[in-house]
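Below, chains carry the letters A, B, ... as their sequence lines are ordered, and counting in each starts from 1. Computed from a predicted structure; not experimentally measured. As a basis for the values below, the full set of heavy atoms in this structure was taken, side chains included, without hydrogen atoms, waters or symmetry mates.
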2 protein chains.
Amino acid sequence: MFLATTIKDIAKMAGVSAATVSRVLANKEGFFGSSTAKKVREAAAKLGYRKNTSATELVTRKSHDLAVIVNATKTNFSNHIIDGIQAAAFPKDLNVIILYAGDFDAERQRRAINTAVNRSVMGILLLSVEVNDDNLDLLKSAQIPFCFLSISETDESLPFITSDDEEVGYLATKYLYQQGHRNIGIAGINYKNAITGELRLHGYKRALKEFKLQENPDWISAGDYSYESGELAMSTYGRNTKLTGIIAGSDMAAIGIMNQARSLGLSVPDDISIVAIDGTELCEIVQPQLTSVSQSFYEMGTLGVDWLLNKDKKVTKTITPIKVIERQSVKRLTGKNSF
Amino acid sequence: MFLATTIKDIAKMAGVSAATVSRVLANKEGFFGSSTAKKVREAAAKLGYRKNTSATELVTRKSHDLAVIVNATKTNFSNHIIDGIQAAAFPKDLNVIILYAGDFDAERQRRAINTAVNRSVMGILLLSVEVNDDNLDLLKSAQIPFCFLSISETDESLPFITSDDEEVGYLATKYLYQQGHRNIGIAGINYKNAITGELRLHGYKRALKEFKLQENPDWISAGDYSYESGELAMSTYGRNTKLTGIIAGSDMAAIGIMNQARSLGLSVPDDISIVAIDGTELCEIVQPQLTSVSQSFYEMGTLGVDWLLNKDKKVTKTITPIKVIERQSVKRLTGKNSF
DNA sequence: CTGTTAGCGCGTTCAA
DNA sequence: TTGAACGCGCTAACAG
């Protein structure tokens with residue numbers, strides 16, 4: 001069997017004690033002389049020494065690893081959040097390890113949480129994953145700081161960083177209204193037992209009320225933010241729908257809506273306008289480009305790391321900015337139809 | 001400070017020795033009685049015990065973790081490979097931890113490799129990451145099995161699993177030829193100091209030769225598989241290009257080409273045909289849908305795990321299947337122009 | 001089937 | 001500035 005070189009090997013070669021090697025390698029300034037340091041470092045290099053993380057973590061009881069738990073949903077914005085996390089973690093010398101949990105798969109979720117917890121990582125960031133009560137308990141009992149990203153929580157004690165989801169729904173609706181739309185639908189969002197979706201729907205309804213627009217249950221189409229749920233919604237609305245504007249739960253859902261509209265012989269944005277929620281690069285590569293309510297994903301990531309690093313964990317709710325990015329999928333309506 | 005409960009605590013509560021607790025919790029069948037097992041499990045549950053992975057790994061010198069190192073390139077097929085890895089790893093009770101290495105960022109790459117190696121994971125899978133010599137040495141010296149995925153290697157001793165990249169280039173070209181195209185370009189691939197790209201280009205040239213087609217240096221456009229490199233290639237070709245068919249290095253590059261063609265007033269596929277290399281879901285959500293040479297990403301993932309688990313590491317080169325998926329971005333040419 | 005003992009590799013006292 | 005000794009939590013060998 002292969003045995004990795006340990007500090008003892010280095011100690012022997014350098015003619016010092018293991019303790020000294022430990023000190024040098026950990027850069028405990030002031031606890032060793034420069035000549036011994038040199039001997040130790042040379043020996044370490046020659047032997048190809050690599051520190052055993054398990055041993056270190058066992059004795060220090062702390063880790064330089066930051067776990068990110070991602071669900072496997074076919075969302076494409078996770079990358080942006082992860083980019084933000086990496087960017088913030090790198091200068092702090094934190095290693096980011098990413099763990100996938102299945103969608104709504106409690107067992108995989110549990111395993112992901114467990115691997116993080118059992119390694120006593122310094123913190124856990126959960127990317128748009130909804131945990132059940134058992135797994136939440138698991139998380140809480142571990143005494144490791146954690147924070148939800150890109151998801152809203154009702155429980156005030158749970159820390160999360162995300163967009164103001166109510167405002168997202170409101171803003172998308174308001175934008176369409178301002179562009180002259182009066183018959184506005186919302187599709188592809190999950191508002192059943194999922195706070196994020198509920199809030200967006202609520203914002204949508206609030207805008208409807210404020211602008212005295214008709215609320216039509218047929219125009220609210222539940223889904224899971226997927227391409228397919230967009231397609232399905234649009235085919236349910238049908239070719240002869242009275243809708244002129246649709247809010248899509250995600251970029252992917254928006255594309256599903258758009259393609260299905262085209263299949264039905266409808267033109268975007270001439271016959272039907274679409275506002276996507278998210279605003280990732282997908283909005284820019286489809287034709288026409290999608291107007292979106294864009295979220296600050298990258299920032300969610302950096303703020304997440306900041307939060308974990310911050311001693312003061314009193315703030316549990318952090319809101320990142322959103323804004324409408326106008327592209328090509330919304331037509332401005334004028335004339336008697338709309339005014 | 002918070003102290004986690006250990007097997008000693010359980011031992012005390014259950015009135016047995018720590019060794020017995022260890023056996024029960026590790027399910028060493030046949031080494032404990034059912035009554036003691038029950039006592040132990042109850043105590044463990046009551047105390048909210050969680051195994052300390054560092055301690056276990058320290059003594060057993062092995063890990064149930066499988067590290068996947070991903071580069072940060074904006075490729076979108078990594079998810080499929082990772083899905084395959086997860087699927088193969090789950091039933092084997094392996095935890096998959098994903099580490100991001102920057103693009104061509106040797107330092108981040110080193111850190112990613114180090115975190116994997118220092119934890120003595122059971123294996124390392126590298127997803128389309130090209131390592132420099134130093135990092136390759138690091139990898140080799142660790143005595144941990146590793147395998148490159150979705151990338152070709154020339155060094156026969158390095159294990160890798162990917163498509164036959166030469167064949168990818170050949171097949172795409174041949175397909176266009178069979179559809180009546182005679183002026184065929186290739187764009188968005190990196191064939192400078194990158195084996196994968198070199199091979200694809202080689203396959204392209206081989207097909208050209210075989211079918212006695214003209215090879216025009218202007219039709220070969222280097223790039224980095226990105227959307228932008230597709231855009232750039234197309235605008236360099238220009239509106240009046242003699243090309244009728246273009247092979248794109250990736251789905252994203254294909255979309256870049258398509259959108260730029262449209263900007264130039266060219267219609268896809270009527271004026272210009274495109275074959276994308278990869279065949280991810282992006283091909284199906286754009287309009288027109290992209291015909292592609294599709295790779296078996298999911299399978300690369302499952303095979304990668306199999307390879308790590310396999311005792312016999314003699315086979316270093318594994319090829320996964322490719323095939324042309326016909327969609328809507330290639331027009332069949334007939335008439336004197338082409339025949 | 002179970003307890004005792006030893007030690008994985010490292011960091012950290014305490015003495016010197 | 002350095003070394004000896006101890007222990008982190010756990011598993012493995014051995015004895016019973």
Side-chain angles (χ1 to χ4, degrees), chain A residues 1-41 43-44 47-65 114 117-121 142-143, chain B residues 1-41 43-44 47-65 114 117-121 142-143:
Chain A
M1 184 183 176
F2 171 78
L3 286 185
T5 75
T6 72
I7 52 173
K8 278 186 187 168
D9 303 322
I10 299 175
K12 205 174 295 172
M13 176 178 277
V16 296
S17 77
T20 300
V21 175
S22 173
R23 292 184 186 112
V24 172
L25 265 26
N27 275 313
K28 297 277 181 201
E29 307 279 3
F31 288 84
F32 51 82
S34 59
S35 63
T36 45
K38 190 166 170 240
K39 282 188 297 182
V40 168
R41 296 215 174 87
L47 295 172
Y49 171 75
R50 222 155 307 112
K51 181 190 288 213
N52 181 322
T53 308
S54 297
T56 305
E57 287 185 357
L58 180 58
V59 53
T60 63
R61 297 143 159 284
K62 62 181 150 189
S63 157
H64 287 127
D65 287 1
N114 260 329
V117 161
N118 293 348
R119 290 194 167 288
S120 30
V121 294
Q143 303 286 114
Chain B
M1 186 182 176
F2 170 78
L3 287 185
T5 74
T6 73
I7 52 172
K8 279 187 188 168
D9 302 322
I10 299 175
K12 205 174 296 172
M13 178 179 275
V16 296
S17 77
T20 300
V21 174
S22 174
R23 292 184 189 112
V24 172
L25 264 27
N27 274 313
K28 298 276 183 200
E29 307 280 1
F31 287 84
F32 52 81
S34 59
S35 63
T36 45
K38 190 165 171 241
K39 280 189 299 183
V40 168
R41 296 215 174 88
L47 293 172
Y49 170 76
R50 222 154 307 108
K51 180 191 283 210
N52 181 323
T53 308
S54 296
T56 304
E57 288 185 357
L58 180 58
V59 54
T60 62
R61 297 143 159 285
K62 62 183 151 188
S63 156
H64 286 127
D65 286 2
N114 260 329
V117 162
N118 293 348
R119 291 194 168 287
S120 29
V121 295
Q143 302 288 113

- Side chain of Val16(A): nearest nucleotide among dT4(C), dG9(D), dG3(D)? dG3(D)

- Taking only the side-chain nitrogens and oxygens of Ser22(B), find out if one of them lies under 4.0 Å from OP1 or OP2 of dT11(D). yes

- Query: Any side-chain N or O of Thr60(A) under 4.0 Å from OP1/OP2 of dC8(D)?
  - Reply: no

- Take Asp9(B) and Thr6(B), measure what side chain to side chain contact (heavy atoms under 4.5 Å, CB included) needs, and give me the verdict at the end. CA-CA 5 Å; Asp9(B) 302 322; Thr6(B) 73; 3.6 Å; yes

- Exercise: identify the closest heavy-atom pair between Ser63(B) and Ser120(B): CB-O, 3.2 Å

- Look at the side-chain N and O atoms of Arg61(A) and state whether any lies under 4.0 Å from the OP1 or OP2 oxygen of dG9(D). yes

- Considering all heavy atoms of both residues, which atom of Val40(B) and which atom of Ile10(B) are nearest to each other, and what is their separation? O-CG2, 3.8 Å

- Message: If the cut-off is 4.0 Å, is Lys28(A) near the phosphate of dT12(C), judged by side-chain N/O to OP1 or OP2?
- Response: yes

- Task: Please report the shortest heavy-atom distance between Arg119(B) and Glu57(A), naming the atom on each side.
- Result: NH2-OE2, 2.7 Å

- Task: Can you figure out which of dG9(C), dC10(D), dT4(C) approaches the side chain of Asn52(A) most closely?
- Result: dG9(C)

- Measure the distance from CZ on Arg23(B) to P on dC10(D) and round it to the nearest whole Å. 15 Å

- Rounded interatomic separation in angstrom, taking NZ from Lys38(B) and P from dC1(C): 17 Å

- Message: Quick one, Val117(A) with Arg50(B), criterion side chain to side chain contact (heavy atoms under 4.5 Å, CB included). Give me CA distance, side-chain angles, the key distance, then yes/no.
- Response: CA-CA 8 Å; Val117(A) 161; Arg50(B) 222 154 307 108; 3.2 Å; yes

- Task: Please figure out whether Ala19(B) or Leu58(B) has its closest DNA chain C nucleotide nearer the 5' end.
- Result: Ala19(B)

- Query: So, is Thr20(B) close to the dG3(C) phosphate, meaning a side-chain N or O under 4.0 Å from OP1 or OP2?
  - Reply: yes

- Message: Under the criterion side chain to side chain contact (heavy atoms under 4.5 Å, CB included), I'd like the reasoning laid out for Asn52(A) against Leu58(B): C-alpha separation, chi angles, the key distance, then a yes or no.
- Response: CA-CA 8 Å; Asn52(A) 181 322; Leu58(B) 180 58; 4.0 Å; yes

- Message: Taking only side-chain N and O atoms of Arg50(B), does any of them lie within less than 4.0 angstrom of OP1 or OP2 on dG9(D)?
- Response: no

- Message: Please classify the nucleic acid contact of Thr36(B) as base, sugar-phosphate, or nothing, using heavy-atom distances under 4.0 Å.
- Response: sugar-phosphate

- Check the distance between dG9(D)'s P and Lys12(B)'s NZ and give it to me in whole angstrom. 12 Å

- Task: Give one of base, sugar-phosphate or nothing for Phe32(B), where a contact means two heavy atoms less than 4.0 Å apart.
- Result: sugar-phosphate

- Choose from dG11(C), dT2(C), dC8(C) the nucleotide whose nearest atom is closest to any side-chain atom of Val59(A). dG11(C)

- Separation of dC10(C) atom P from Glu57(A) atom CD, nearest Å, is 13 Å

- Message: Does dG11(C) have OP1 or OP2 under 4.0 Å away from a side-chain N or O of Lys62(A)?
- Response: no

- Item | Euclidean distance, atom CG of residue Leu25(A) to atom P of dC10(C) [Å, nearest integer] | 9 Å

- Which is true for Thr6(A) with a 4.0 Å heavy-atom rule: it touches a base, it touches only sugar-phosphate, or it touches nothing? sugar-phosphate

- Task: Please state how far atom CD1 in Ile7(B) lies from atom C1' in dA12(D), giving the value in whole angstrom units.
- Result: 12 Å

- Distance, rounded to the nearest Å, where Asn27(A) contributes CG and dT12(C) contributes C1': 17 Å

- Message: Could you tell me how far apart Phe31(A) (CZ) and dT13(C) (C1') are, to the nearest whole angstrom?
- Response: 11 Å

- Message: Need one value for Thr56(B): base, sugar-phosphate or nothing, where a base atom within 4.0 Å counts as base even if backbone is also close, heavy atoms only.
- Response: sugar-phosphate

